[in-house]
Protein chains: 2
Amino acid sequence: MTHDLLRTELKRRKQRMTAQRELVLRSFLEADSDHLSAEEVYRTVVEKRQRISKATVYRTVDLLAEVGILRKIVFRDGVIRYEIAECGKHHHHHLICSECGKVTEFSMDLLENLEEVIEKKTGFRINDHQLKFYGLCPSCQRKKQALNKQEERISAKPTKD
Amino acid sequence: MTHDLLRTELKRRKQRMTAQRELVLRSFLEADSDHLSAEEVYRTVVEKRQRISKATVYRTVDLLAEVGILRKIVFRDGVIRYEIAECGKHHHHHLICSECGKVTEFSMDLLENLEEVIEKKTGFRINDHQLKFYGLCPSCQRKKQALNKQEERISAKPTKD
DNA sequence: ATAGTTGCAAACAATTTGCTATAAG
DNA sequence: CTTATAGCAAATTGTTTGCAACTAT
């Protein structure tokens, strides 16, 4: 259980288990979405009528990531999000719609071996990797297609150029 | 030449070629580092004693990315950077040191086919992907090792615990 | 001459920091 | 009782926007 893992790690570091740290961790465990931003965690906690400040959220997600319970993940909007670093090593990756921002996950273990290859090649000690695909989700493809047709109709009319 | 590509694209969009747009593009072409942030582009231009404002830099890198000359790339610090989207499709990927931020590039075409597989599986229309490895560069590995030894020496002394 | 583009300063958003009061061990 | 932590507000950092002045076409 992630909970105990946190307690143990905190003890090792001579840090304390607090209500706020529990609340943040719980937010991730109970969230609909994976990958929450600090802002989202904050809102989640506040909506449950629990007391926390944003500064604490920022400090806590950072701590949880350092301890290895969360993984930092940043899409192209530059907002820092976090997701639970699932126990085993089976990685999942992200498929992001450039239009609506929708994020879909999919798993693929193929890249674990690759880490080793690259370690040997470069001398880096790799401990994580992230693969992201960017494109248009089915729904946005349809929207864009509809838009294109519309534009064709307009540019069919003669312009003074 | 990337230069002409920009001119052509601008004409198509009824937009104009300006000194500032040239300066930004040139910054990328002549930069030591790939992946520059807007801030870095700004400084580069100013150091050459050329006139530009930050707002223009932001607007221009955005434009260049839209046109396909640059590619947006965001590491875990959440800062938006851009790199030249080299002509052919041969992708390169990034190896980032979590400690000092050093970025190393390496290429690998393996993932092109994968895009197709995922398109079929998910219905997304994929147009880009990014693979990043995080870890410790050789130099930071050494530093960390040295630090660990030091800590051992300290904790070897008895503590009142 | 007609838009598109710039620069500036102000607005905004995300994140960090300094400090006092509080609470965990 | 000691020291880590929380909360708050102010400071920083990265990015966007409104608008008047400017300039490519």
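Chain naming here is simple, since letters A, B, ... match the order of the sequence lines and numbering starts at 1 in each. These numbers come from the heavy atoms of this one structure, side chains and all, not from hydrogens, waters or symmetry mates. Since we're looking at a predicted model, the values are computed, not measured.
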*Asks:* Could you walk me through whether H94(A) and Q130(A) pass side-chain hydrogen bond (donor to acceptor under 3.5 Å, both in side chains), step by step?
*Replies:* CA-CA 8 Å; H94(A) 299 94; Q130(A) 298 195 356; 5.9 Å; no
*Asks:* Taking only heavy atoms on the protein side, list every residue of residues 19-26 of chain B lying under 4.0 Å from any atom of DNA chain C, sorted numerically.
*Replies:* Q20(B), R21(B)
*Asks:* Atom SG of C137(A) and atom CD1 of I126(B): how far apart are they, to the nearest 0.5 Å?
*Replies:* 12.0 Å
*Asks:* With each end axis built from five pairs of C1' atoms, what bend angle do you get for the helix from dA1(C)-dT25(D) to dG25(C)-dC1(D)? Round to 10°.
*Replies:* 40°
*Asks:* Atom CD in E119(B), atom CZ in F124(B): separation rounded to 0.5 Å?
*Replies:* 10.5 Å
*Asks:* Rounding to a whole Å, what distance do you find between Y82(A):OH and dT15(C):C1'?
*Replies:* 10 Å
*Asks:* Should the pair E115(B)-R125(B) be classified as a salt bridge under the 4.0 Å nitrogen-to-oxygen rule?
*Replies:* no
*Asks:* Rounded to whole angstroms, how far apart are CD1 on I52(A) and P on dC8(D)?
*Replies:* 11 Å
*Asks:* Which atom pairs, one a donor and one an acceptor, fall under 3.5 Å between side chains of residues 56-64 of chain B and the rest of the protein, sequence neighbours left out?
*Replies:*
residue, atom, partner, partner atom, Å
T56(B), OG1, S53(B), OG, 3.0
T60(B), OG1, T56(B), O, 2.7

*Asks:* Could you pull out all residues at least two apart from F133(B) that satisfy ring pair (Phe, Tyr, Trp, His ring centres under 6.0 Å)?
*Replies:* H129(A), F106(B)
*Asks:* Taking OP1 and OP2 of dG7(D), is either one under 4.0 Å from a side-chain nitrogen or oxygen of T56(A)?
*Replies:* yes
*Asks:* For R49(B), enumerate each residue passing the salt bridge (charged side-chain N to carboxylate O under 4.0 Å, His left out) test, keeping only those at least two apart in sequence or located in another chain.
*Replies:* none
*Asks:* With DNA chain D as reference, determine whether R16(B) or V79(B) sits nearer its 5' end, using the nearest nucleotide of each.
*Replies:* V79(B)
*Asks:* With sequence neighbours left out, what residues match K48(B) under salt bridge (charged side-chain N to carboxylate O under 4.0 Å, His left out)?
*Replies:* E30(B)
*Asks:* What integer distance in Å separates E9(B):CD from dG4(C):P?
*Replies:* 17 Å
*Asks:* In whole Å, what is the span from the NZ atom of K14(A) to the P atom of dT2(D)?
*Replies:* 17 Å
*Asks:* Which residues satisfy the salt bridge (charged side-chain N to carboxylate O under 4.0 Å, His left out) test with R51(B), sequence neighbours excluded?
*Replies:* none
*Asks:* If you look only at distance, which donor and acceptor atoms sit under 3.5 Å apart when one is on a side chain in residues 34-42 of chain A and the other is two or more places apart or in another chain?
*Replies:*
residue, atom, partner, partner atom, Å
H35(A), NE2, E105(A), OE2, 3.1
S37(A), OG, E40(A), N, 3.2
S37(A), OG, E40(A), OE1, 3.4
E39(A), OE1, K54(A), NZ, 2.9
E40(A), OE1, S37(A), N, 2.8

*Asks:* Measure CG/L63(A) against P/dA4(D) and give the value in whole Å, please.
*Replies:* 14 Å
*Asks:* Could you tell me the separation between the CZ atom of R76(B) and the C1' atom of dT15(C), rounded to a whole number of Å?
*Replies:* 18 Å
*Asks:* Tell me, please, which residues at least two apart from R76(A) pass salt bridge (charged side-chain N to carboxylate O under 4.0 Å, His left out).
*Replies:* D128(B)
*Asks:* Which pairs, protein N/O on one side and nucleotides 16-22 of chain C N/O on the other, fall under 3.5 Å?
*Replies:*
none

*Asks:* Pull out every residue in residues 32-47 of chain A that has a heavy atom closer than 4.0 Å to any atom of DNA chain D, ordered by number, or say none.
*Replies:* none
*Asks:* What distance do L131(A) atom CG and K132(B) atom NZ have between them, rounded to the nearest 0.5 Å?
*Replies:* 9.5 Å
*Asks:* Tell me, please, which residues at least two apart from T8(B) pass side chain to side chain contact (heavy atoms under 4.5 Å, CB included).
*Replies:* none
*Asks:* Whole angstrom is fine here: how far is it from NZ in K11(B) over to P in dT25(D)?
*Replies:* 8 Å
*Asks:* Taking the side chain as everything from C-beta on, heavy atoms only, tell me whether Q15(B) gets closer than 4.5 Å to R21(B).
*Replies:* yes
*Asks:* Within this structure, what is the CZ-to-P distance between R51(B) and dC22(D), rounded to whole angstrom?
*Replies:* 11 Å
